[in-house]
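Everything on this sheet refers to the single structure shown next.
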Amino acid sequence: MPSYNPPLRDMQFLMHEVFKVTESYQQMPKHADVDVDTINAVLEEAGKFAANVTFPLNISGDAEGCTLDKSTHAVTTPKGFKEAYAQFVEGGWPALSCDPEYGGQGLPMALNSALYEMLNSANQAWTMYPGLSHGAYEALHAYGTPEQKKTYLGKLTSGEWTGTMCLTEPHCGTDLGLLRTKAEPQADGTYKITGNKIFISAGEHDFTDNIVHLVLARLPDAPVGSKGISLFVVPKFLVKADGSLGERNPIFCGALEHKMGIHGNATAQINIDGAIGTLVGEPNKGLQAMFVMMNAARLGVGNQSLGLTEVAFQNALAYAKDRLQMRSLSGTKAKDKPADPIIVHPDVRRMLMTAKAYAEGGRALSTFSALLIDTELNHPDEKVRKDSADLVALLTPIVKAFITDNGWISTTACQQVYGGHGFITEWGMEQFVRDNRINMIYEGTNGVQALDLLGRKILGNQGATLKKFGKLIGKLVEEEGVNEKMSEFITPIATLGDQMTKFTTEIGFKGMQNPDEVGSASVDYLRVAGHLVFGYLFARMAQVALREIGNGNTDPFYLAKLQTARFYFAKLFPETASLMRTARAGSKSLMDTDAALA
């Protein structure tokens with residue numbers, strides 16, 4: 001059976017020593033009173049909830065799955081899931097970072113991000129129920145009418161109701177311009193929504209009395225394509241003027257998908273037959289409102305793979321210390337045992353350190369991104385808010401794609417550490433692999449994220465946002481460029497930072513001649529950009545660790561951090577060279593393949 005220990009020390013290291021979040025929060029009136037003790041207390045209690053309440057339900061929830069009563073359209077979640085959610089609500093966790101105006105606690109997003117990392121380590125399938133609700137809250141908070149906010153935000157904040165996002169249809173996924181769901185205006189200002197949606201996570205369940213569906217649909221006079229999409233809020237039960245529940249809205253779960261993983265989450269086919277909805281935002285501008293939820297979800301998906309990477313690493317490490325196989329190549333290490341533990345073997349250490357490095361790099365990126373969101377939303381200086389928003393836009397596809405790709409690499413490596421036992425259900429590792437696989441697919445496949453990063457976020461503004469990130473690297477290089485102890489961390493990122501300018505310009509120029517050049521380079525490009533970001537963050541972590549060791553701090557945590565950073569730069573970061581070479585290989589070898597693919 002697997003186990004889980006919340007990585008509180010590493011979270012505290014990032015928040016207090018690397019990013020010094022309380023200093024940033026003192027500049028934001030909304031968060032000025034958030035201190036170190038508050039952060040640590042919340043992290044500790046969040047870790048207890050994840051480890052003690054939801055983690056014990058992970059294997060059993062996977063085995064049991066969800067069941068649908070087709071006569072009533074009701075879904076029953078696995079045993080214990082509903083009760084765990086009631087504890088989650090009772091503890092006030094849904095409200096952690098929500099607006100106090102609607103009953104929220106108003107705490108920073110960086111804390112909410114840490115909470116969800118631990119929940120995802122403990123039980124990704126369960127965590128998707130409240131996780132999607134937070135995205136619905138964000139969309140309605142940004143674009144909802146005063147009446148919609150009054151009706152829904154308090155209930156979503158408290159967790160009394162949950163939310164979903166209903167985008168995908170049987171014939172279209174990422175290409176939302178093809179969707180067919182219709183919205184017919186009614187005399188009272190509402191709309192009747194009709195259509196079919198698929199792959200709706202947490203689309204039906206027994207946690208709450210009501211579910212708030214955010215549905216993309218077309219008005220009768222809508223333009224074709226993505227410019228003709230509107231967003232509607234369509235509740236499972238209509239809400240009366242006094243806030244009580246009215247009649248059942250005809251938006252039903254018609255079937256549950258049979259999936260590779262996340263069995264404990266109800267992935268629903270949703271049938272909408274004239275359900276009453278109200279317009280969110282402006283007509284035909286639904287994507288603008290939905291992108292608030294989609295971007296929150298993309299950051300959340302990165303967090304899912306981060307959580308799975310951490311829990312997989314913890315269990316693989318424990319197994320490697322205990323499992324005896326063969327003797328060390330450099331001489332017997334456990335002379336009192338018939339064989340050495342497999343952790344002595346270089347390749348086992350390679351797999352373990354890969355997962356550890358990707359977990360710690362991912363956690364740093366997730367924390368950094370959340371702090372930028374806090375700054376974007378709350379800093380009094382408009383320029384600081386704008387710069388933070390630009391960086392969040394740049395980092396979002398990297399969080400989603402790079403962390404999830406790394407999560408797949410890491411969980412399969414950890415499964416490999418187990419050998420044959422990693423393929424067996426009772427050890428839990430194969431579930432981490434199965435659950436993780438969806439994260440590279442939904443909320444925009446990683447290939448789509450790569451196109452978004454290169455085509456829209458970088459080439460779309462001639463690299464202006466990339467230059468803003470480059471200034472962060474430049475500042476660190478300026479601080480530590482003459483520090484010989486930092487050279488092994490500074491030199492690689494300074495070199496890659498310089499190479500990125502030429503690399504990006506070259507692809508952009510080729511893309512002007514042939515757009516397929518951008519498509520053929522984009523996946524490799526995103527991975528190079530991901531390593532640039534991870535390299536910067538690992539250099540900052542190493543900077544703190546070296547300073548503490550230099551000041552006489554003997555806490556082994558700092559030496560472990562240095563060793564992880566050195567492994568990352570020696571064994572993982574050099575991938576950038578081959579990636580730039582394959583990206584530069586161009587589109588011809590991909591697109592001139594009609595005979596091969598006939």
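Just so you know, these numbers use all the heavy atoms, side chains as well, and skip hydrogens, waters and symmetry mates.
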>> Set out, in order, the CA-CA distance, both residues' side-chain angles and the distance that settles side-chain contact (heavy atoms from CB on, under 4.5 Å) for S24 and D374, then state yes or no.
In response: CA-CA 9 Å; S24 297; D374 285 326; over 6 Å; no
>> More than 12 heavy atoms of other residues, nucleotides or ligands under 6.0 Å from CZ of R584: yes or no?
In response: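 Correct, the count exceeds 12.
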> Hey, is NZ on K467 packed in by over 12 heavy atoms from elsewhere, all under 6.0 Å?
Replying inline: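 Atom NZ in K467 is not crowded, with 12 or fewer foreign heavy atoms closer than 6.0 Å.
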> Which pairs with one or both residues in residues 487-496 pass salt bridge (charged side-chain N to carboxylate O under 4.0 Å, His left out), sequence neighbours excluded?
Replying inline: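 Listed once each, the pairs are E488-R566.
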>> For D35 and T22, which I'm curious about, is there any donor-acceptor pair between the side chains at under 3.5 Å?
In response: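 Result is no, nothing qualifies.
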Working to the nearest 0.5 angstrom, can you tell me the gap between [X] [atom1] and [Y] [atom2]?
X	Y	atom1	atom2	answer
L14	H16	CG	NE2	10.0 Å
R434	R437	CZ	CZ	14.0 Å
D322	L317	CG	CG	11.5 Å
K356	T309	NZ	OG1	13.0 Å

Answer with yes or no after comparing the ring centroid distance for [X] and [Y] against a 6.0 Å cut-off, counting only values under it.
X	Y	answer
F538	F489	no
F534	H531	no
F469	Y536	yes
Y525	F503	yes

Return yes if some donor-acceptor pair links the side-chain N/O of [X] with the main-chain N/O of [Y] below 3.5 Å, else return no.
X	Y	result
N551	R547	yes
R323	I343	no
R385	P380	yes
D340	T332	no

>> Given E17, which partner from the list Q12, E548, Q543 fulfils the side chain to side chain contact (heavy atoms under 4.5 Å, CB included) test?
In response: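 It is E548; the other options fail the test.
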Quiz: residues 388-403 side-chain donor-acceptor pairs under 3.5 angstrom, not counting sequence neighbours:
| unit_1 | atom_1 | unit_2 | atom_2 | d |
| --- | --- | --- | --- | --- |
| S388 | OG | V384 | O | 2.9 |
| D390 | OD1 | K386 | NZ | 3.2 |
| D390 | OD2 | K386 | NZ | 2.7 |
| D390 | OD2 | K468 | NZ | 2.5 |
| T396 | OG1 | V392 | O | 2.7 |
| K400 | NZ | N439 | O | 2.9 |
| K400 | NZ | Y442 | O | 3.0 |
| K400 | NZ | G444 | O | 2.9 |
| K400 | NZ | N446 | OD1 | 2.9 |

> Would you call the rings of F49 and W93 parallel, tilted or perpendicular, where under 30° means parallel and over 60° means perpendicular?
Replying inline: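 Because their plane-to-plane angle lies in the 30° to 60° range, the rings of F49 and W93 count as tilted.
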>> Regarding E360 and R363, does a basic nitrogen lie under 4.0 Å from an acidic carboxylate oxygen?
In response: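 Looking at R363 together with E360, the answer is no, because their closest N to O distance does not fall below 4.0 Å.
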>> One thing to verify: whether D524 and R527 come together as a salt bridge, which I'm taking to mean a side-chain N less than 4.0 angstrom from a carboxylate O.
In response: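 Not counted as a salt bridge, because no side-chain N and carboxylate O are separated by less than 4.0 Å.
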> Within 45° of the ring axis of Y558 and under 6.0 Å from its six-membered ring centre, is that where the NZ or CZ of R9 lies?
Replying inline: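 Because its charged atom sits under 6.0 Å from the ring centre and within 45° of the axis, R9 does stack over Y558.
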>> Going by the rule side chain to side chain donor-acceptor pair (under 3.5 Å), which residues pair with D498 if we only count those two or more places apart in sequence or in a different chain?
In response: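 D498: no side chain to side chain donor-acceptor pair (under 3.5 Å) contacts found.
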